[in-house]
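So you know, we letter chains A, B, ... as the sequences are listed, proteins then strands, and number each from 1. For clarity, every value in this text was computed on a predicted model and none was experimentally measured.
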Protein chains: 2
Amino acid sequence: MFKKVLIAEDMEDINKGVFSLLTELGVSQIDQVQYCDDAYLKVKRADLDSVPFDLVISDLSFKVDHRSQTYPSGQALVAKLKSDFPSLKVIVYSVEDRLQAVRTLFNQHDIDAYVCKSRTGLKNLTQAICEVAKDGKFLSPEVSNAFSAENELEIDDYDISLLDNLSKGLSQDEISALYKKENISPASLSSIEKRLNKLRIQFNANNAIHLVAIVKDLGLI
Amino acid sequence: MFKKVLIAEDMEDINKGVFSLLTELGVSQIDQVQYCDDAYLKVKRADLDSVPFDLVISDLSFKVDHRSQTYPSGQALVAKLKSDFPSLKVIVYSVEDRLQAVRTLFNQHDIDAYVCKSRTGLKNLTQAICEVAKDGKFLSPEVSNAFSAENELEIDDYDISLLDNLSKGLSQDEISALYKKENISPASLSSIEKRLNKLRIQFNANNAIHLVAIVKDLGLI
DNA sequence: AACAGTATTACGGTTTTCCGTAAGGCAACG
DNA sequence: CGTTGCCTTACGGAAAACCGTAATACTGTT
């Protein structure tokens, strides 16, 4: 099991929850920070002093306040940590459940586990810690399909067009009529429904509104 | 373009950001102050010396500290500046996005531009500076509807909450249940429908998807 | 040409949204 | 005290979205 662990989480209560979980798991040295920059500095310091951390458990979103930060988000922190200290284990613990975001963390930043904050968040986090301690990886069930359907997670121009027309207020019926007029295929209402359904699954969206909100945030449209 | 500009902003980093923006725009003389009183004194001094400022970019909220101030807020400073030096251009740059506050600044104090600090704040500020240099006015998109319609199209916190929950993928039914649980009124499905209908009309949206897309573009959520 | 695999379309049923109408609650006002 | 106007809620029907299933069309391969 890990000996020295750092928790980066701005909400105090959650921070404490994770702390007591780690204590139960027998972790002797636990440090806690509420800012991304502090997290990086602590890891850096510990490394220089040859008493490095074994594991960092980090949130993704930190509320901004008066203190300006070099690393404005958990993503930025994780990216920097993994690039500077490749052997350091990193578990991301966040409410974020967008599959795209999770994929990026694993593929680009090579994190070791992703746990969704939820009713069973701490339970999953326990699993994750145990798994990572054995050099394994862990993925919360909420986002387990981030990689399961590796087949088509690419978005083509047709998808973008669909989402764009949706965001402009056209109904699926109207989009179908438009595509028929402009000889864009597929144009049937059924195909449009099917495609949107695929996109909803890909982006973990509850409905079309949610889907459009997500892809707008991602800057896809 | 302007030659001599004063920045009144208590947060140092933002102050610096605006400074470098002005430098890029070719402004040669830039003064920076962190207190409202200093801003007024500098403008007064420059006017007496016949080397007046062309433009003041001011925040609205200044954190209070040990130094007691004659002008406790950006509003007070702006009011005094515009009344003493009517030809001086004033751009307000603030996080404040309450429409009433913005209206007051334009109507009562005759400011030249209002820019909201946001993700695209500096971009908007650039636009504003260019517009004001040409004797024009500028209004950030976030508060663009402060004057768009004279009828009551005020958007309140409830509306924002509604739109926010919609964009998170909740159905109207789920929002109703949530509001009932949290004692937020009105909570009935019917009222939620009605309110959303009002918002759709206000923003000229065809449906809920369109509505959420529009308010996201406006930066309301 | 026959085949398999995939993409497109069609269709039916359920849920959700959209929209008009109307009833009930509540406060201001004469 | 009743009236008026506004806000909230309830209800019902039409439209649209959602979801599974199945038939048809198209692709490339042998």
Between Ser191(B) and dT8(D), is there a side-chain N or O to OP1/OP2 distance below 4.0 Å?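 Ser191(B) to dT8(D) OP1/OP2: no side-chain N or O under 4.0 Å.
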How close or far is atom [atom2] of [N] from atom [atom1] of [X], stated in whole angstroms?
| X | N | atom1 | atom2 | result |
| --- | --- | --- | --- | --- |
| Ile175(A) | dA16(D) | CD1 | C1' | 12 Å |
| Lys198(A) | dG20(D) | NZ | P | 17 Å |
| Ile201(A) | dG20(D) | CD1 | C1' | 12 Å |
| Leu163(A) | dA17(D) | CG | C1' | 15 Å |
| Ile184(A) | dA7(C) | CD1 | C1' | 17 Å |
| Arg195(A) | dA7(C) | CZ | C1' | 9 Å |

Among all residues two or more places apart in sequence or in another chain, which pass the side-chain hydrogen bond (donor to acceptor under 3.5 Å, both in side chains) test with [X]?
| X | answer |
| --- | --- |
| Tyr71(B) | none |
| Asn206(A) | none |
| Gln32(A) | Asn15(A) |

Residue list, ring pair (Phe, Tyr, Trp, His ring centres under 6.0 Å) with Tyr179(B), at least two apart or on another chain: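 For Tyr179(B) the ring pair (Phe, Tyr, Trp, His ring centres under 6.0 Å) partners, ignoring immediate neighbours, are Tyr158(B).
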For Ser20(A) and Thr23(A), which I'm curious about, is there any donor-acceptor pair between the side chains at under 3.5 Å?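 Their side chains do not contain a donor-acceptor pair, so the 3.5 Å distance test is not met.
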For Tyr40(B) and Asp84(B), which I'm curious about, is there any donor-acceptor pair between the side chains at under 3.5 Å?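 Yes, side-chain donor-acceptor contact under 3.5 Å.
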Estimated bend of the helix from dA1(C)-dT30(D) to dG30(C)-dC1(D) (axis per five terminal pairs, rounded to 10 degrees):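 Roughly 20° between the end axes, to the nearest 10°.
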Any non-hydrogen side-chain atom of Leu170(A) less than 4.5 Å from a side-chain atom of Leu166(A)?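 No, side chains not in contact.
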Taking the side chain as C-beta and beyond, is there a heavy-atom pair between Lys82(B) and Leu88(B) under 4.5 Å?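 Answer no - side chains too far apart.
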Heavy-atom contacts, protein to nucleotides 15-28 of chain C, under 4.0 Å, summarised as B (base), S (sugar-phosphate only) or - (none) per nt, yield --SBB-BB------
